[in-house]
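Worksheet: one structure, shown below.
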Amino acid sequence: MTTTPGRAPVEADIERVLVSADAIARRVAELAEELGRGLATDGADDEGIVLMPVMTGSMLFVSDLVRQLPHKLRLELALVSSYPGTAQQSQGAKLTMPLPTGLEGRHIVLVDDILDSGGTIRFLQKELAKQAPASLRTIVLLRKPRPDAADVPCEHVGFEIPDEFVVGYGLDFDGLYRNLPYIGTLRPKSAE
Ligand code: IMP
Ligand code: MG
């Protein structure tokens, strides 16, 4: 293990912090309010709300978000793999477990860490629509300025970030760095 004096091992490969832990916490609180207003306009009753985090990247985001929501809601997971291992370009979204069923008439909120090419969200929105939910909205913590992502309906976006590969707060490279409390870029050698 190589460590830089004064830095935690998980931080040693980080080049730059893009979004601090404090900024994330402040924005998550705002997003919870926004989402609450959105659900009210959808006519969502508490019994019908299903939050569906896209695993594994949105694990930290959804756990902070749900604790700011006053609603009675259910959590159902979407297990998807699009960046296996060390790939930095999406390899196409694949379900690694069948999607939850019985969503007819529910108010679904799809929660993801980042909208990059938009392939994952587009795929999940199409699949979920087949179950005739009462409403379907999407919330992502981060969005990159990719032209193909711009066409994907996404009602709530935490931060617009530059088109760079990022890790932390749930986002990984080869399974690592999810436990960083902030979003940052990797030093080039770590991403090779
Ligand atoms: P998309 O299908 O290209 O929009 O990619 C979405 C998924 O790829 C996200 O749910 C992330 O898990 C992953 N991803 C996209 N960009 C990054 C990144 O910069 N760092 C880490 N994971 C990413
Ligand atoms: Mg993901």
Side-chain angles (χ1 to χ4, degrees), residues 10-21 23-24 27-28 31 35 50-66 75-100 108-129 136-192:
V10 69
E11 296 192 293
D13 300 332
I14 300 304
E15 185 169 63
R16 197 156 48 92
V17 176
L18 277 188
V19 190
S20 71
I24 293 171
R27 188 68 186 123
V28 169
L31 285 170
L35 180 59
V50 175
L51 242 69
M52 189 176 292
V54 184
M55 290 288 109
T56 305
S58 66
M59 204 178 213
L60 278 71
F61 178 38
V62 79
S63 71
D64 284 343
L65 186 67
V66 284
L75 277 169
E76 300 267 11
L77 309 183
L79 279 107
V80 175
S81 157
S82 57
Y83 271 49
T86 56
Q88 290 192 23
Q89 293 294 316
S90 178
Q91 308 294 298
K94 275 195 219 81
L95 286 174
T96 55
M97 276 244 302
L99 280 177
I108 304 177
V109 181
L110 202 48
V111 184
D112 207 357
D113 50 3
I114 188 165
L115 199 63
D116 181 16
S117 72
T120 306
I121 293 296
R122 195 181 291 113
F123 167 76
L124 288 171
Q125 287 174 341
K126 202 170 122 227
E127 286 303 307
L128 291 169
L136 175 55
R137 58 177 58 239
T138 303
I139 178 166
V140 296
L141 182 68
L142 308 171
R143 181 163 65 186
K144 292 188 193 172
R146 300 259 304 249
D148 33 2
D151 299 338
V152 179
C154 185
E155 289 75 15
H156 309 280
V157 177
F159 300 92
E160 307 280 355
I161 60 160
D163 192 0
E164 290 181 73
F165 194 80
V166 293
V167 295
Y169 196 66
L171 292 115
D172 75 304
F173 175 71
D174 198 16
L176 298 173
Y177 311 108
R178 294 195 198 274
N179 55 325
L180 280 172
Y182 52 80
I183 310 276
T185 57
L186 282 177
R187 282 178 212 267
K189 76 161 177 45
S190 330
E192 265 161 28

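Counting starts at 1 for both ligands and their atoms, in listed order.
Side-chain contact between E164 and R16 is present, with heavy atoms from C-beta onward closer than 4.5 Å. Under the 4.5 Å side-chain criterion, counting only non-hydrogen atoms from C-beta, F61 is in contact with I139.
Distances from ligand 1 to the non-hydrogen atoms of V167 include no value under 4.0 Å. The closest approach between a heavy atom of S117 and any atom of ligand 1 is below 4.0 Å. A heavy-atom separation below 4.0 Å is not found between V54 and ligand 1.
Contacts between D172 and ligand 1 below 4.0 angstrom, taking non-hydrogen atoms only, involve the backbone exclusively. At a 4.0 Å heavy-atom cut-off, ligand 1 touches E164 through the backbone alone. Counting heavy atoms under 4.0 Å from ligand 1, residue T120 touches it through both backbone and side chain. At a heavy-atom distance under 4.0 Å, only side-chain atoms of D112, from C-beta outward, approach ligand 1.
Within ligand 1, counting atoms from 1 as listed, the ones closer than 4.0 Å to a heavy atom of D116 are 1 (P), 3 (O), 4 (O), 5 (O), 15 (C), 16 (N).
Annotation: G118 places an N or O atom under 3.5 Å from an N or O atom of ligand 1; distance criterion only.
Although no hydrogens or angles enter the test, the distance criterion places a donor-acceptor pair under 3.5 Å between the side chain of T96 and the main chain of L79.
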